[in-house]
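Working notes, beginning with the structure itself.
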Amino acid sequence: MMHLFFLAAILSIGLSVSAAPAKRASVCNGHAELCNRGYGNVTFLSSHDSYAISTDILALARVQEVDLAAQLDLGVRMLQAESHMDGDEFKFCHTSCALFDGGLVVDYLKIVKNWLDDNPNEVLTFLFTNPEGLSLTDVWKPAFDEADITDLAYVPPTNPMARDDWPTLGEFIDSGKRVIVFLDYGDDGSVDFILSEFTMLWEPPFDSTDSSFPCSVNRISGPLSTEDHLNMLNHNLDINIIPIGDGVLIPDFAAASKTNSISSILANAYGCSGLAGGVSPNFVMLDFVDIGQGLAAVNLLNGF
Ligand SMILES: *[C@@H]1O[C@H](CO)[C@@H](O)[C@H](O)[C@H]1NC(C)=O
């Protein structure tokens with residue numbers, strides 16, 4: 001009996017091993033708890049104008065002061081960036097390439113790809129803006145192809161995806177499709193992994209100069225209800241340095257440690273939650289991500 005029992009046990013172990021699915025991620029974005037949590041139920045630390053990097057405090061159009069790899073190492077899992085065509089070069093620039101030239105999009109993507117290769121258990125979101133309506137097929141996709149990111153990009157089974165429809169972080173990682181790409185404007189559906197931002201994500205007002213960040217649904221589109229959209233905090237404070245006419249807004253560096261404090265971020269999250277069906281924001285977007293307590297606030301919002 002004993003022997004038979006062991007034989008059966010060994011056989012069943014053998015069977016379950018051979019029938020087992022491919023290795024499953026046990027830690028996702030740094031936390032075991034996140035592997036089984038849907039993308040729409042996770043809060044991600046996000047970097048505003050992630051390419052606009054300078055340590056020179058006189059570079060008034062800078063938004064970040066540490067490089068991309070450092071931002072990612074700090075815990076940033078959504079990178080926002082603004083595209084422009086500079087001559088025939090496809091770049092990330094702040095308002096214009098004359099004001100702040102963040103370099104070629106493809107070079108930016110290659111840096112991120114290296115980081116993704118070094119960090120296989122991480123899910124990353126891009127939120128790119130396309131103010132000039134540049135072509136998805138002729139301009140955007142070739143940059144992703146050249147940086148070797150296309151194979152990592154997630155293609156949803158339906159479009160738009162409601163907040164609760166998204167895979168878990170573990171599913172993204174196990175499938176190898178762990179990069180989500182949103183674009184704000186000009187998405188004609190021609191590239192399957194480039195997703196229209198506002199049909200799936202609503203935003204409150206941006207460029208706030210009010211440190212209490214009054215919340216309202218400012219940009220949204222499509223058939224899904226507000227509560228079925230993902231949502232984001234534009235938790236970046238500007239200061240008007242020329243308060244006449246339209247003024248000139250720049251990131252309020254002096255206020256960054258206060259803006260990026262746990263109390264300020266949680267107050268903003270609370271202020272928006274009524275519009276988001278009572279849940280936390282999916283993205284907490286900050287200027288100067290290396291200053292303050294952004295990741296600590298995001299961890300609290302995730303329940304850690
Ligand atoms: C995730 O779900 C929990 C429980 O319902 C909720 O408290 C939290 O706000 C949700 N987070 C997000 C980002 O949806």
Side-chain angles (χ1 to χ4, degrees), residues 25-48 72 74-80 121-127 154 156 158-173 178-182 195-206 213-236 259-286 289 292-304:
S26 55
V27 177
C28 302
N29 286 29
H31 296 273
E33 300 91 323
L34 293 181
C35 289
N36 293 323
R37 207 179 289 180
Y39 178 72
N41 189 221
V42 178
T43 303
F44 298 93
L45 182 61
S46 311
S47 168
H48 181 224
L72 292 163
L74 278 168
V76 167
R77 293 296 177 270
M78 187 273 261
L79 295 167
Q80 191 267 357
N121 278 23
E122 301 291 332
V123 175
L124 180 73
T125 302
F126 289 124
L127 182 61
Y154 175 73
T158 58
N159 194 331
M161 294 276 276
R163 183 188 177 93
D164 292 336
D165 289 346
W166 293 88
T168 63
L169 298 202
E171 287 166 340
F172 280 126
I173 291 166
R178 55 193 174 94
V179 174
I180 298 94
V181 183
F182 288 114
L195 311 176
S196 289
E197 177 190 352
F198 298 118
T199 61
M200 298 187 237
L201 193 165
W202 68 265
E203 282 194 31
F206 59 96
F213 295 99
C215 199
S216 58
V217 179
N218 183 248
R219 292 191 289 175
I220 189 167
S221 71
L224 297 177
S225 71
T226 303
E227 291 173 15
D228 274 338
H229 281 66
L230 305 167
N231 76 104
M232 153 160 137
L233 299 185
N234 282 319
H235 195 80
N236 51 293
T259 305
N260 295 355
S261 67
I262 290 178
S263 61
S264 177
I265 293 169
L266 293 192
N268 192 357
Y270 185 72
C272 279
S273 70
L275 297 166
V279 297
S280 297
N282 296 100
F283 304 101
V284 173
M285 197 165 71
L286 304 179
V289 289
Q293 299 157 296
L295 185 62
V298 164
N299 284 340
L300 282 171
L301 291 168
N302 277 325
F304 303 139

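One-based numbering, in listed order, for ligands and for the atoms of each. Everything quoted here is computed from the prediction, not taken from an experiment. Numbers here simply count residues along the sequence, with the first being 1.
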How many angstroms lie between [atom1] in [X] and [atom2] in [Y], if you round to the nearest 0.5 Å?
X: Leu233; Y: Leu301; atom1: CG; atom2: CG; answer: 8.0 Å
X: Arg37; Y: Thr43; atom1: CZ; atom2: OG1; answer: 8.0 Å
X: Glu171; Y: Cys28; atom1: CD; atom2: SG; answer: 10.0 Å

Which part of [X] is near ligand 1, with near meaning a heavy atom under 4.0 Å away: side chain, backbone, both or neither?
X: Leu301; answer: neither
X: Arg163; answer: side chain
X: Ser273; answer: neither

Protein heavy-atom contact under 4.0 Å for atom 4 (C) of ligand 1?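 Within 4.0 Å: no protein heavy atom nearby.
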Is atom 7 (O) of ligand 1 in close reach of the protein, with a heavy atom under 4.0 Å away?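 Given the 4.0 Å cut-off, atom 7 (O) of ligand 1 does not count as touching protein heavy atoms.
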Contact atoms of ligand 1, heavy-atom distance to [X] under 4.0 Å:
X: Val42; value: 13 (C)
X: Gly40; value: 14 (O)
X: Val279; value: 9 (O), 14 (O)
X: Thr43; value: 13 (C)

Which word best sums up how the rings of Phe172 and Tyr154 line up, parallel for under 30°, tilted for 30 to 60°, or perpendicular for over 60°?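 Because their plane-to-plane angle is over 60°, the rings of Phe172 and Tyr154 count as perpendicular.
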Among protein heavy atoms, which sits nearest to atom 9 (O) of ligand 1, and what does the distance come to when rounded to 0.1 Å?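 Ranked first by proximity to atom 9 (O) of ligand 1 is Ser280 N, 3.0 Å.
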Look at atom 2 (O) of ligand 1 and say which protein heavy atom is nearest, naming residue and atom and giving the distance to 0.1 Å.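 Minimum-distance protein heavy atom for atom 2 (O) of ligand 1 reads Asn41 ND2, 2.4 Å.
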Side-chain polar contacts of residues 267-283 - donor-acceptor pairs under 3.5 angstrom, sequence neighbours left out - could you list them?
{"unit_1": "Asn268", "atom_1": "ND2", "unit_2": "His235", "atom_2": "ND1", "d": "2.8"}
{"unit_1": "Ser273", "atom_1": "OG", "unit_2": "Tyr270", "atom_2": "O", "d": "3.1"}
{"unit_1": "Asn282", "atom_1": "OD1", "unit_2": "Arg163", "atom_2": "NH1", "d": "3.2"}
{"unit_1": "Asn282", "atom_1": "OD1", "unit_2": "Asn231", "atom_2": "N", "d": "3.0"}
{"unit_1": "Asn282", "atom_1": "ND2", "unit_2": "Gly40", "atom_2": "O", "d": "2.9"}
{"unit_1": "Asn282", "atom_1": "ND2", "unit_2": "Val42", "atom_2": "O", "d": "3.2"}

With Tyr39, which of Asp164, Thr125, Thr168 fulfils side-chain hydrogen bond (donor to acceptor under 3.5 Å, both in side chains)?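 Answer to the side-chain hydrogen bond (donor to acceptor under 3.5 Å, both in side chains) test with Tyr39 among Asp164, Thr125, Thr168: Thr125.
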Taking all heavy atoms of Asn41 and all of Asn302, pick out the closest pair and write down the distance.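 Scanning both residues completely, I find the closest heavy atoms to be O-OD1, 4.4 Å.
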side-chain contact (heavy atoms from CB on, under 4.5 Å) partner of Glu203, chosen from Glu197, Met285, His229: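 Filter result, single survivor: Glu197.
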Quick check on Pro281 - does any of its heavy atoms sit under 4.0 Å from an atom of ligand 1?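 Yes.
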